[in-house]
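Worksheet: the structure to be examined is printed underneath.
Ligands are counted one by one from 1 in listed order, and the atoms in each one are counted from 1 as well.
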Amino acid sequence: MPARYAMVIDTRTCIGCGDCVVACKTENNVPAGLNRDWIVEATRGRYPNLTTEFRSERCNHCSHATCVYACPTGASHYWQNTNIVLVEPGKCTGCKACIAACPYDARLIMHPQGYVDKCTFCHHRVARGQDPACVSSCPTHCMHFGDLNDANSIVSQLLDRRKSRALKPETGNQPNVFYLS
Ligand code: SF4
Ligand code: SF4
Ligand code: SF4
């Protein structure tokens with residue numbers, strides 16, 4: 001069975017330090033002013049019982065990726081039969097159909113080249129058996145990565161044991177980044 005790669009992030013131990021964002025830029029040579037991942041600071045609960053939650057967000061590598069289906073040239077595609085979504089720069093015309101089709105605002109336009117870029121789940125590292133750079137760099141170890149089709153993987157076990165949620169599940173995109181709360 002092909003892998004279904006997922007990221008599971010514990011919002012209780014994310015401190016919003018941004019090391020994951022820096023690691024991504026360094027690993028993937030993301031130019032200044034552009035980001036493949038970002039931190040959202042959200043207030044949860046009801047006054048006076050409010051808590052601040054930090055969320056490290058990126059492409060959700062959706063199992064039903066509307067960006068892939070919207071791409072007219074095949075530049076946006078699934079990697080090796082998995083759910084990892086990549087963009088082939090040479091095939092990308094910069095038409096922005098994928099940007100309009102993504103409910104997570106996860107795509108960016110590379111300047112000055114003009115092709116669309118995004119998080120790759122660091123597939124080059126995954127191919128070597130390593131975790132994505134952001135996961136490896138997190139100082140609180142709140143980020144986890146693995147294959148949801150493997151019942152013994154850390155991500156399967158965490159989702160079995162803990163309450164979790166994905167962002168905008170109502171879109172039907174079947175996102176594969178989960179937040180433990
Ligand atoms: Fe949160 Fe870890 Fe990213 Fe820091 S590196 S913002 S603790 S996910
Ligand atoms: Fe595509 Fe957006 Fe889903 Fe990423 S989050 S796979 S860019 S639809
Ligand atoms: Fe960046 Fe890799 Fe993390 Fe995606 S998985 S946000 S490309 S470091």
**Request:** Indicate yes or no for a side-chain donor-acceptor contact from Y104 to the backbone of L167 under 3.5 Å, with no hydrogens or angles considered.
**Result:** yes
**Asked** Regarding S136 and R125, is there a side-chain donor-to-acceptor distance under 3.5 Å anywhere?
**Response** yes
**Prompt:** So which protein heavy atom does atom 8 (S) of ligand 2 come closest to, and at what separation?
**Reply:** N173 ND2, 3.4 Å
**Message:** Looking at E170 and R165, is any side-chain nitrogen of the basic one under 4.0 Å from a carboxylate oxygen of the acidic one?
**Reply:** no
**Asked** Does T13 use its side chain to pair, donor to acceptor, with the backbone of C142 at less than 3.5 Å?
**Response** no
**Prompt:** Is N28 touching ligand 3 with its side chain, its backbone, both, or neither, if touching means heavy atoms under 4.0 Å apart?
**Reply:** side chain
**Fill in**
Closest to atom 5 (S) of ligand 2 among protein heavy atoms sits N60 N, 3.3 Å
**Message:** Check whether S153 reaches the backbone of G146 with its side chain - one donor and one acceptor, N or O, closer than 3.5 Å.
**Reply:** no
**Item:** Contacting atoms of ligand 3, where contact means under 4.0 angstrom from a heavy atom of F121
**Value:** 4 (Fe), 5 (S)
**Complete:** Looking at G16, C138, C134, the heavy atom closest to atom 2 (Fe) of ligand 1 belongs to C138
**Fill in**
Under 4.0 Å between heavy atoms, the region of C142 that gets near ligand 1 turns out to be side chain
**Asked** Of all the atoms in ligand 2, which lie at a distance below 4.0 Å from a heavy atom belonging to K118?
**Response** 4 (Fe), 7 (S)
**Item:** Numbering as shown, the atoms of ligand 1 that approach D19 to under 4.0 Å (heavy-atom distance)
**Value:** 5 (S)
**Request:** Go through ligand 2 atom by atom and flag the ones less than 4.0 Å from a non-hydrogen atom of T66.
**Result:** 8 (S)
**Request:** Report whether F121 and M143 are members of the same hydrophobic cluster (ILVMFWY, side-chain heavy atoms less than 4.5 Å apart, transitive linking).
**Result:** yes
**Complete:** Given the options N173, N83, N176, S63 meets side-chain hydrogen bond (donor to acceptor under 3.5 Å, both in side chains) only with N176
**Message:** Can you name the atoms of ligand 1, numbered from 1 with element, that are less than 4.0 Å from a heavy atom of M143?
**Reply:** 8 (S)
**Request:** Would you check if the side chain of Y115 reaches a backbone N or O of E88 as a donor-acceptor pair within less than 3.5 Å?
**Result:** no
**Atom indices of ligand 1 within 4.0 angstrom of T140 heavy atoms, with elements** = 7 (S)
**Request:** Keeping the roles fixed (side chain from K168, backbone from P103), state whether a donor-acceptor pair exists under 3.5 Å.
**Result:** yes
**Asked** Taking only heavy atoms of D37, which atoms of ligand 3 are found under 4.0 Å from at least one of them?
**Response** 6 (S)
**Message:** Taking K25 first and then D37, would you say they form a salt bridge - that is, a charged N and a carboxylate O separated by under 4.0 Å?
**Reply:** no
**Request:** Can you pull out the closest protein heavy atom to atom 7 (S) of ligand 1? Residue, atom name and distance to 0.1 Å, please.
**Result:** I15 N, 3.4 Å
**Request:** On the 0 to 90° scale, with breaks at 30° and 60°, tag the Y5-F145 ring pair as parallel, tilted or perpendicular.
**Result:** parallel
**Asked** Which heavy atom of the protein is the closest neighbour of atom 3 (Fe) of ligand 2, given with residue, atom name and distance?
**Response** C62 SG, 2.3 Å
**Prompt:** Is there a donor-acceptor pair closer than 3.5 Å between any side-chain N or O of Q157 and the backbone N or O of N152?
**Reply:** yes
**Request:** Specify the protein heavy atom at minimum distance from atom 4 (Fe) of ligand 3: its residue, its atom name, and the distance to 0.1 Å.
**Result:** C119 SG, 2.3 Å
**Message:** Closer than 4.0 Å to some heavy atom of V85 - which atoms of ligand 2 meet that?
**Reply:** 6 (S)
**Complete:** One finds that the ligand 1 atoms under 4.0 Å from a non-hydrogen atom of C17 are 4 (Fe), 5 (S), 6 (S), 7 (S)
**Request:** Measure the spacing between OG of S156 and CG of N149 and express it to the nearest 0.5 Å.
**Result:** 7.5 Å
**Item:** Nearest-contact summary for atom 1 (Fe) of ligand 3 - protein heavy atom, Å
**Value:** C24 SG, 2.3 Å
**Item:** Those atoms of ligand 1 less than 4.0 Å from some heavy atom in I39
**Value:** 6 (S)
**Contact partition for I9 relative to ligand 1, non-hydrogen atoms under 4.0 Å** = neither
**Prompt:** Which atoms of ligand 1 sit under 4.0 Å from any heavy atom of C14?
**Reply:** 1 (Fe), 6 (S), 7 (S), 8 (S)
**Asked** For ligand 3, is there an atom lying under 4.0 Å from some heavy atom of R58?
**Response** yes
**Request:** May I ask you to decide if A65's main-chain N or O and Y78's side chain share a donor-acceptor pair within less than 3.5 Å?
**Result:** yes
**Asked** If you measure from each heavy atom of P139 to ligand 1, is any distance below 4.0 Å?
**Response** yes
**Request:** Show which atoms of ligand 2 fall inside a sub-4.0 Å distance from at least one heavy-atom site of R107.
**Result:** 7 (S)
